[in-house]
Amino acid sequence: MPTMVTNRPLIGINAEHLAPAKGGAPRSIVHSGYYECLLSAGALPIIIPPLTKEHDLAHVLDRLDGVVLVEGDDMSPTRMGMTPHPSIKTISDRRENHDRLLCRMVAERKMPTLGVGLGMQELNVVHGGTLYQHLPEDLALKGFPHRDPQGGAHRHIVVMEKNSKLKAIYGEGEICVNSYHHQGIRKVAPGFRAAALAPDGLIEAIEWTGKDWFCVGVQWHPQNEGNISLDTQLIDAFVAAASQGTPAVAEKTLKLAKAG
């Protein structure tokens, strides 16, 4: 049976890399909300294993139209030149090596990219920005919670910045987002700008300033809580960007033309 070629964009999702339990083996997992929301938006999700060699990852990215950088625990403070705070729980070295490489390579290729939670923080750090290690202490005087200390659901408002991509996506005014984080962006990386702020002034979203790259990072989790309409707006915008003129889409179009 001939293979059917589709114009649906292929979106890569990086995976968590978990240390083995006693007597077990390491595991890579992905929150199902990521691939479910991409499917709902008309994309085809592909899980990217934690590859750490550039030539291996290059072959994967050659076939993709966009990348989602997902949530997780914390980046290594020592790799950012900081003394670890007691609250820090780091991702594995293999995942951090992979994610840093992935952040660099999608930027070089200008692949449509959406960073979520840790994914946003990684984009910022890899491109020269900095983080607050522990918001309850770093922003203690402002007294604004960004997560439920008991681990439950927590929400707060964010306000979009003028002339940002996010304002074009969400429109005027404020929106209410979920919030689970204890870290946040201190200094925005060169080439990026703040796209949304919390009431205490914390940067809740960043985006690339140029028109040559759709790259947005959000601290909240649009893949969670049943794909409410405000969340699907961001996912839809990302998938639309991934559908336009990226190498994988161009390759599929060429194959269709040759087949015809």
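Nothing here was measured: the structure is a model prediction, and the numbers come from that model. Throughout, numbering of the chain's residues begins at 1 and tracks the sequence.
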[atom2] on [Y] to [atom1] on [X], rounded to 0.5 Å:
X    : Y    : atom1 : atom2 : value
L202 : H156 : CG    : NE2   : 7.5 Å
I13  : I48  : CD1   : CD1   : 8.5 Å
D236 : L38  : CG    : CG    : 10.0 Å
L10  : L61  : CG    : CG    : 12.0 Å

Legend entry - Residue pairs fulfilling salt bridge (Lys or Arg N to Asp or Glu O under 4.0 Å) with at least one residue in residues 163-180, sequence neighbours excluded: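 Found K167-E172.
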
Would a distance-only check, ignoring hydrogens and angles, find a side-chain to backbone donor-acceptor pair under 3.5 Å from [X] to [Y]?
X    : Y    : answer
R94  : P50  : yes
W213 : M111 : yes
Q121 : L131 : no
E122 : G115 : no
D74  : K89  : yes

Legend entry - Contacts of type salt bridge (charged side-chain N to carboxylate O under 4.0 Å, His left out), residue E16, not counting sequence neighbours: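 In terms of salt bridge (charged side-chain N to carboxylate O under 4.0 Å, His left out), with neighbours along the sequence ignored, E16 is linked to R95.
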
Inset, instruction - Identify, with sequence neighbours excluded, every residue that meets salt bridge (charged side-chain N to carboxylate O under 4.0 Å, His left out) alongside E54. - result: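 Salt bridge (charged side-chain N to carboxylate O under 4.0 Å, His left out) list for E54, sorted by chain: R104.
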
Inset, instruction - Start with the C-alpha distance between L166 and L234, add both sets of side-chain angles, then the distance that settles side chain to side chain contact (heavy atoms under 4.5 Å, CB included), and finish with yes or no. - result: CA-CA 8 Å; L166 281 185; L234 177 56; 3.9 Å; yes

I'd like a table of donor-acceptor pairs (distance under 3.5 Å, sequence neighbours excluded) in which one partner is a side-chain atom from residues 184-199, with atom names and distances.
| unit_1 | atom_1 | unit_2 | atom_2 | d |
| --- | --- | --- | --- | --- |
| R193 | NE | E207 | OE2 | 2.9 |
| R193 | NH2 | N163 | O | 3.2 |
| R193 | NH2 | E207 | OE2 | 2.9 |

Legend entry - Contacts of Y34 that satisfy ring pair (Phe, Tyr, Trp, His ring centres under 6.0 Å) - sequence neighbours left out: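 H31.
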
Legend entry - Partners meeting ring pair (Phe, Tyr, Trp, His ring centres under 6.0 Å) with H85 (sequence neighbours left out):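 Residues passing ring pair (Phe, Tyr, Trp, His ring centres under 6.0 Å) with H85: H134.
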
Inset, instruction - With R109 as reference, evaluate D62, D65, D212 under the salt bridge (Lys or Arg N to Asp or Glu O under 4.0 Å) test and give the passing residue. - result: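 Result: among D62, D65, D212, D62 is the only option passing the salt bridge (Lys or Arg N to Asp or Glu O under 4.0 Å) with R109.
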
Legend entry - Sequence neighbours excluded - ring-ring contact (aromatic ring centres under 6.0 Å, His included) pairs with any residue from residues 50-69: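 Residue pairs with at least one partner in residues 50-69: there are none.
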
Inset, instruction - Kindly state each residue pair satisfying ring-ring contact (aromatic ring centres under 6.0 Å, His included) with at least one member in residues 92-124, sequence neighbours excluded. - result: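 Output for this query is empty, none listed.
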
Inset, instruction - Tell me who clusters with L18, hydrophobic residues only, linked when side chains sit under 4.5 Å apart either directly or through other members. - result: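 Noted: L18 shares its cluster with I29.
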
Inset, instruction - Could you check R100, M82, Q183 and say which one makes a side-chain contact (heavy atoms from CB on, under 4.5 Å) with M75? - result: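 Option passing the side-chain contact (heavy atoms from CB on, under 4.5 Å) with M75: R100.
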
Name all residues meeting the side chain to side chain donor-acceptor pair (under 3.5 Å) criterion together with [X]; count only those two or more places apart in sequence or in a different chain, and write none if there are none.
X    : result
H127 : none
N14  : D99
S164 : none

Legend entry - Side-chain heavy atoms of V70 within contact of H221, under 4.5 Å: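 They are not in side-chain contact.
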
Inset, instruction - With N97 as reference, evaluate H17, K53, R79 under the side-chain hydrogen bond (donor to acceptor under 3.5 Å, both in side chains) test and give the passing residue. - result: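 So the option named by the test is R79.
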
Inset, instruction - Applying side chain to side chain contact (heavy atoms under 4.5 Å, CB included), run through L102 and V106 and close with a yes or a no. - result: CA-CA 6 Å; L102 185 56; V106 295; 4.0 Å; yes

Legend entry - side chain to side chain contact (heavy atoms under 4.5 Å, CB included) evaluation trace for S40 with T232: CA-CA 9 Å; S40 296; T232 58; over 6 Å; no

